[in-house]
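Below: the structure, in C-alpha coordinates.
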Amino acid sequence: MDKFVLRNTCKRKRLHDGDDTESVNLEDATLKRSKNDQLSAGQLTWKEIRAEGLSCNYMLLYSKTDADEIFLQLEREIEYFSGDLSRIKVYGKWHNVPRKQVTYGDDGLTYKFSGITLSTKPWIPLLDSIRERVKHATGHIFNFVLINRYKDGNDHIGEHRDDERDLVPRSPIASVSFGACREFLFRHRDARCKNPKLQIEPQKLELAHGSLLMMNFPTNVYWYHSLPVRKKVLSPRINLTFRNIIPAAERINKDQP
DNA sequence: GGGCCAGCAAATTT
DNA sequence: TAAATTTGCTGGCC
(Lines give C-alpha, C1' and ligand atoms only; values in the text may rest on other atoms or scores of the structure.)
Protein backbone atom coordinates (compact mmCIF):
# COMPACT_ATOMS: atom_id res chain seq x y z
CA MET A 1 0.00 0.00 0.00
CA ASP A 2 1.26 3.39 -0.92
CA LYS A 3 2.37 5.55 1.99
CA PHE A 4 1.13 8.70 0.26
CA VAL A 5 -2.38 7.30 -0.04
CA LEU A 6 -2.45 6.32 3.61
CA ARG A 7 -1.11 9.66 4.73
CA ASN A 8 -3.98 11.37 2.98
CA THR A 9 -6.78 9.13 4.11
CA CYS A 10 -7.18 11.21 7.23
CA LYS A 11 -6.67 14.90 7.70
CA ARG A 12 -7.01 15.81 11.31
CA LYS A 13 -9.51 18.54 12.04
CA ARG A 14 -9.44 20.47 15.27
CA LEU A 15 -13.04 21.30 16.08
CA HIS A 16 -12.31 23.95 18.67
CA ASP A 17 -9.35 26.06 19.59
CA GLY A 18 -7.87 24.83 22.81
CA ASP A 19 -9.47 21.44 22.32
CA ASP A 20 -7.78 19.39 24.98
CA THR A 21 -8.91 15.98 23.85
CA GLU A 22 -6.18 13.42 23.40
CA SER A 23 -5.63 12.64 19.78
CA VAL A 24 -3.01 11.04 17.64
CA ASN A 25 -2.17 12.58 14.31
CA LEU A 26 -1.77 10.09 11.51
CA GLU A 27 0.65 12.34 9.67
CA ASP A 28 2.88 12.58 12.73
CA ALA A 29 2.50 8.87 13.22
CA THR A 30 3.39 8.17 9.59
CA LEU A 31 6.49 10.34 9.84
CA LYS A 32 7.52 8.68 13.07
CA ARG A 33 6.91 5.32 11.53
CA SER A 34 8.99 6.01 8.43
CA LYS A 35 11.91 6.86 10.72
CA ASN A 36 11.33 3.63 12.53
CA ASP A 37 10.83 1.39 9.53
CA GLN A 38 14.30 -0.01 9.97
CA LEU A 39 13.69 -0.61 13.66
CA SER A 40 11.82 -3.60 14.91
CA ALA A 41 8.43 -2.70 16.33
CA GLY A 42 8.16 -2.92 20.08
CA GLN A 43 10.80 -0.25 20.54
CA LEU A 44 8.17 2.42 20.21
CA THR A 45 6.79 4.03 23.32
CA TRP A 46 3.36 3.98 24.89
CA LYS A 47 1.17 7.03 25.00
CA GLU A 48 -1.18 7.22 27.99
CA ILE A 49 -4.74 8.44 27.60
CA ARG A 50 -6.42 9.30 30.88
CA ALA A 51 -9.70 10.86 31.93
CA GLU A 52 -12.17 10.25 34.73
CA GLY A 53 -12.72 6.48 34.72
CA LEU A 54 -10.87 6.14 31.41
CA SER A 55 -7.55 4.38 31.11
CA CYS A 56 -6.06 3.63 27.71
CA ASN A 57 -2.59 3.10 26.30
CA TYR A 58 -1.66 3.61 22.68
CA MET A 59 1.37 2.60 20.64
CA LEU A 60 2.45 1.82 17.12
CA LEU A 61 2.73 -1.93 17.18
CA TYR A 62 3.93 -2.43 13.61
CA SER A 63 6.20 -0.58 11.23
CA LYS A 64 4.42 0.75 8.16
CA THR A 65 6.00 -1.92 5.98
CA ASP A 66 4.74 -4.70 8.24
CA ALA A 67 1.32 -3.12 8.67
CA ASP A 68 0.93 -2.81 4.88
CA GLU A 69 1.70 -6.50 4.46
CA ILE A 70 -0.68 -7.56 7.25
CA PHE A 71 -3.48 -5.39 5.83
CA LEU A 72 -3.17 -7.14 2.47
CA GLN A 73 -3.08 -10.56 4.15
CA LEU A 74 -6.20 -9.73 6.16
CA GLU A 75 -7.94 -8.72 2.94
CA ARG A 76 -7.00 -12.05 1.38
CA GLU A 77 -7.66 -14.38 4.29
CA ILE A 78 -10.47 -13.09 6.49
CA GLU A 79 -13.94 -14.41 5.74
CA TYR A 80 -16.69 -12.22 7.19
CA PHE A 81 -20.12 -13.28 8.38
CA SER A 82 -22.90 -12.88 5.85
CA GLY A 83 -26.65 -13.47 5.60
CA ASP A 84 -28.56 -13.64 8.88
CA LEU A 85 -25.36 -13.18 10.89
CA SER A 86 -24.83 -9.73 9.39
CA ARG A 87 -28.39 -8.47 9.82
CA ILE A 88 -29.92 -6.78 12.83
CA LYS A 89 -33.42 -5.69 13.85
CA VAL A 90 -33.72 -2.14 15.18
CA TYR A 91 -37.04 -0.46 15.95
CA GLY A 92 -38.86 -3.27 14.17
CA LYS A 93 -36.86 -2.86 10.96
CA TRP A 94 -34.21 -5.19 9.64
CA HIS A 95 -30.89 -3.69 8.59
CA ASN A 96 -27.59 -4.99 7.38
CA VAL A 97 -24.96 -3.97 9.93
CA PRO A 98 -23.10 -1.00 8.44
CA ARG A 99 -19.76 -2.84 8.33
CA LYS A 100 -18.51 -6.41 7.94
CA GLN A 101 -17.70 -8.46 10.99
CA VAL A 102 -16.49 -11.88 12.06
CA THR A 103 -15.21 -13.52 15.22
CA TYR A 104 -12.30 -15.91 15.66
CA GLY A 105 -11.23 -17.55 18.90
CA ASP A 106 -10.64 -20.62 21.00
CA ASP A 107 -12.82 -23.63 20.31
CA GLY A 108 -16.35 -23.40 21.71
CA LEU A 109 -16.44 -19.69 22.52
CA THR A 110 -19.52 -17.68 21.60
CA TYR A 111 -20.18 -13.96 21.56
CA LYS A 112 -23.57 -12.29 21.87
CA PHE A 113 -24.23 -9.25 19.74
CA SER A 114 -27.60 -7.55 19.79
CA GLY A 115 -29.60 -10.69 20.40
CA ILE A 116 -27.72 -12.95 17.99
CA THR A 117 -25.11 -15.42 19.19
CA LEU A 118 -21.99 -15.61 17.08
CA SER A 119 -19.79 -18.67 17.31
CA THR A 120 -16.10 -18.27 16.68
CA LYS A 121 -14.03 -19.50 13.78
CA PRO A 122 -10.81 -21.30 14.72
CA TRP A 123 -7.59 -19.29 14.89
CA ILE A 124 -5.60 -18.97 11.67
CA PRO A 125 -1.81 -18.38 11.65
CA LEU A 126 -2.14 -14.71 10.62
CA LEU A 127 -4.44 -13.84 13.53
CA ASP A 128 -2.45 -15.97 15.93
CA SER A 129 0.72 -14.08 15.02
CA ILE A 130 -0.99 -10.72 15.68
CA ARG A 131 -2.26 -12.10 18.98
CA GLU A 132 1.30 -13.14 19.87
CA ARG A 133 2.60 -9.70 18.96
CA VAL A 134 0.03 -8.12 21.29
CA LYS A 135 1.02 -10.55 24.02
CA HIS A 136 4.67 -9.60 23.57
CA ALA A 137 3.84 -5.89 23.80
CA THR A 138 1.36 -6.06 26.69
CA GLY A 139 1.83 -9.31 28.57
CA HIS A 140 -1.84 -10.18 27.95
CA ILE A 141 -3.00 -13.27 26.09
CA PHE A 142 -6.49 -13.21 24.58
CA ASN A 143 -8.82 -16.07 23.65
CA PHE A 144 -11.03 -14.20 21.17
CA VAL A 145 -10.93 -11.55 18.47
CA LEU A 146 -13.77 -9.57 16.85
CA ILE A 147 -12.83 -8.22 13.42
CA ASN A 148 -14.70 -5.25 11.97
CA ARG A 149 -14.10 -4.08 8.41
CA TYR A 150 -15.25 -0.60 7.47
CA LYS A 151 -15.15 -0.37 3.66
CA ASP A 152 -15.10 3.44 3.70
CA GLY A 153 -16.24 6.41 5.77
CA ASN A 154 -19.91 5.46 5.43
CA ASP A 155 -19.40 2.22 7.31
CA HIS A 156 -19.55 2.86 11.04
CA ILE A 157 -20.54 1.56 14.46
CA GLY A 158 -22.89 3.29 16.86
CA GLU A 159 -22.12 4.26 20.42
CA HIS A 160 -21.86 1.22 22.67
CA ARG A 161 -19.97 -0.46 25.46
CA ASP A 162 -18.62 -3.95 25.02
CA ASP A 163 -20.91 -6.56 26.55
CA GLU A 164 -19.57 -7.03 30.05
CA ARG A 165 -21.46 -10.27 30.60
CA ASP A 166 -19.36 -12.16 28.09
CA LEU A 167 -16.05 -10.65 29.19
CA VAL A 168 -13.71 -11.81 31.93
CA PRO A 169 -14.20 -9.15 34.65
CA ARG A 170 -11.61 -6.35 34.63
CA SER A 171 -9.78 -7.81 31.62
CA PRO A 172 -8.45 -5.27 29.11
CA ILE A 173 -9.43 -5.09 25.43
CA ALA A 174 -6.73 -4.71 22.78
CA SER A 175 -7.71 -2.89 19.58
CA VAL A 176 -5.36 -3.25 16.60
CA SER A 177 -6.02 -1.14 13.48
CA PHE A 178 -4.94 -1.44 9.86
CA GLY A 179 -5.73 0.69 6.81
CA ALA A 180 -7.49 4.03 6.74
CA CYS A 181 -7.33 6.32 9.75
CA ARG A 182 -10.72 6.81 11.38
CA GLU A 183 -11.78 8.95 14.29
CA PHE A 184 -12.64 6.92 17.37
CA LEU A 185 -14.87 8.63 19.90
CA PHE A 186 -15.29 7.99 23.63
CA ARG A 187 -18.22 9.51 25.55
CA HIS A 188 -18.77 9.22 29.29
CA ARG A 189 -22.05 7.49 30.19
CA ASP A 190 -23.08 10.46 32.38
CA ALA A 191 -22.51 12.95 29.55
CA ARG A 192 -24.83 11.31 27.02
CA CYS A 193 -28.26 12.56 28.07
CA LYS A 194 -29.87 15.85 27.02
CA ASN A 195 -29.11 17.75 30.22
CA PRO A 196 -26.11 15.97 31.70
CA LYS A 197 -25.32 16.50 35.38
CA LEU A 198 -21.64 16.43 34.62
CA GLN A 199 -19.76 18.22 31.86
CA ILE A 200 -17.34 15.56 30.75
CA GLU A 201 -15.71 16.23 27.41
CA PRO A 202 -15.63 13.42 24.85
CA GLN A 203 -12.25 11.92 24.07
CA LYS A 204 -11.23 11.67 20.42
CA LEU A 205 -8.54 9.37 19.13
CA GLU A 206 -7.18 8.77 15.67
CA LEU A 207 -6.07 5.22 15.36
CA ALA A 208 -3.17 4.90 12.95
CA HIS A 209 -2.32 2.09 10.54
CA GLY A 210 -0.53 -0.59 12.58
CA SER A 211 -1.50 0.85 15.96
CA LEU A 212 -2.54 -0.82 19.21
CA LEU A 213 -4.98 0.73 21.66
CA MET A 214 -5.33 -0.93 25.06
CA MET A 215 -8.62 -0.20 26.80
CA ASN A 216 -8.04 -0.99 30.44
CA PHE A 217 -10.47 -1.45 33.29
CA PRO A 218 -12.66 0.47 34.11
CA THR A 219 -12.86 2.30 30.73
CA ASN A 220 -15.59 -0.02 29.46
CA VAL A 221 -17.70 0.57 32.58
CA TYR A 222 -17.96 4.36 32.27
CA TRP A 223 -17.24 5.21 28.63
CA TYR A 224 -19.17 4.42 25.47
CA HIS A 225 -17.26 4.31 22.21
CA SER A 226 -18.19 4.67 18.55
CA LEU A 227 -16.73 4.99 15.08
CA PRO A 228 -18.77 7.80 13.49
CA VAL A 229 -19.49 8.24 9.76
CA ARG A 230 -16.72 10.23 8.06
CA LYS A 231 -17.76 10.90 4.46
CA LYS A 232 -14.31 12.01 3.37
CA VAL A 233 -12.71 8.67 4.17
CA LEU A 234 -12.67 6.65 0.96
CA SER A 235 -10.53 3.62 1.83
CA PRO A 236 -11.09 0.62 4.11
CA ARG A 237 -10.09 0.12 7.73
CA ILE A 238 -9.84 -3.24 9.44
CA ASN A 239 -9.97 -3.31 13.22
CA LEU A 240 -9.26 -6.31 15.44
CA THR A 241 -10.41 -6.21 19.05
CA PHE A 242 -8.86 -8.93 21.16
CA ARG A 243 -10.78 -9.88 24.29
CA ASN A 244 -10.97 -12.52 26.97
CA ILE A 245 -14.34 -14.19 26.80
CA ILE A 246 -15.75 -16.39 29.53
CA PRO A 247 -16.42 -19.82 27.99
CA ALA A 248 -20.17 -20.56 27.81
CA ALA A 249 -19.81 -23.64 30.03
CA GLU A 250 -18.28 -21.55 32.83
CA ARG A 251 -20.93 -18.88 32.37
CA ILE A 252 -23.70 -21.44 32.95
CA ASN A 253 -21.95 -22.69 36.10
CA LYS A 254 -21.58 -19.13 37.30
CA ASP A 255 -25.24 -18.29 36.69
CA GLN A 256 -26.43 -21.48 38.35
CA PRO A 257 -24.09 -22.19 41.24
C1' DG B 1 -24.27 22.06 -0.73
C1' DG B 2 -22.88 18.96 2.47
C1' DG B 3 -20.72 17.19 6.71
C1' DC B 4 -21.75 16.56 11.29
C1' DC B 5 -24.65 15.87 15.20
C1' DA B 6 -28.77 15.39 18.28
C1' DG B 7 -33.02 13.37 18.67
C1' DC B 8 -36.28 10.06 17.70
C1' DA B 9 -38.54 5.76 15.70
C1' DA B 10 -40.01 -0.42 18.68
C1' DA B 11 -39.17 -4.64 20.10
C1' DT B 12 -36.42 -7.62 22.50
C1' DT B 13 -33.35 -8.83 26.19
C1' DT B 14 -31.75 -8.78 30.79
C1' DT C 1 -40.21 -4.30 36.22
C1' DA C 2 -37.81 -0.96 34.14
C1' DA C 3 -33.80 0.09 31.69
C1' DA C 4 -30.71 -0.71 28.04
C1' DT C 5 -29.88 -1.51 23.37
C1' DT C 6 -29.34 -1.65 18.15
C1' DT C 7 -29.35 1.65 12.97
C1' DG C 8 -31.44 4.91 9.85
C1' DC C 9 -33.72 9.03 8.99
C1' DT C 10 -34.70 13.93 9.66
C1' DG C 11 -33.89 18.57 10.63
C1' DG C 12 -30.89 22.18 12.36
C1' DC C 13 -26.45 24.24 12.49
C1' DC C 14 -22.22 25.78 10.58
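Letters A, B, ... mirror the listed sequences (proteins, then strands); counts begin at 1.
Between dA11(B), dT6(C), dT5(C), one nucleotide has an atom nearer to the side chain of Arg192(A) than all others, and that is dT5(C). The Tyr224(A) side chain lies nearest to dT5(C) when the options are dT7(C), dT12(B), dT5(C). Considering only the side chain of Arg165(A), dT14(B) comes nearest among dT14(B), dG3(B), dG8(C). Nearest to the side-chain atoms of Ile88(A) among the listed nucleotides dT14(B), dG3(B), dT7(C) stands dT7(C). Closest to the side chain of Pro228(A), out of dT14(B), dT12(B), dC5(B), is dC5(B). Taking the side chain of Arg187(A) as heavy atoms from C-beta on, and the options dA6(B), dT7(C), dT12(B), the nearest nucleotide is dA6(B). Listed candidates were dT14(B), dG8(C), dC4(B). Nearest to the side chain of His156(A) is dG8(C). Candidate nucleotides dT12(B), dG8(C), dC4(B) were compared by shortest atom distance to the side chain of Arg230(A), and dC4(B) ranks first.
Distance Lys93(A) NZ to dG8(C) C1': 7 Å, rounded to the nearest Å. When rounded to the nearest whole Å, the span between CG of Leu234(A) and C1' of dG3(B) equals 14 Å. Taking atom OH of residue Tyr91(A) and atom P of nucleotide dA10(B), one finds them 8 Å apart after rounding to whole Å. Taking atom CG on Asn154(A) and atom P on dT7(C), their separation rounds to 15 Å, with Å as the unit.
Residue Tyr224(A) comes nearest to Glu159(A) through the heavy atom pair CB-CG, 3.5 Å, listed as atom of the first residue, atom of the second, then distance.
Shown are Asp106(A), Asn143(A), Asp107(A); of these, the side-chain hydrogen bond (donor to acceptor under 3.5 Å, both in side chains) with Trp123(A) is made only by Asp106(A). For the side-chain contact (heavy atoms from CB on, under 4.5 Å) criterion with Met214(A), the lone passing option out of Ser55(A), Ser175(A), Pro172(A) is Pro172(A).
Between Glu206(A) and Arg237(A) there is no salt bridge, since no side-chain nitrogen of the basic residue lies less than 4.0 Å from a carboxylate oxygen of the acidic one.
Between Arg99(A) and dT7(C) there is a side-chain polar atom (N or O) within less than 4.0 angstrom of OP1 or OP2.
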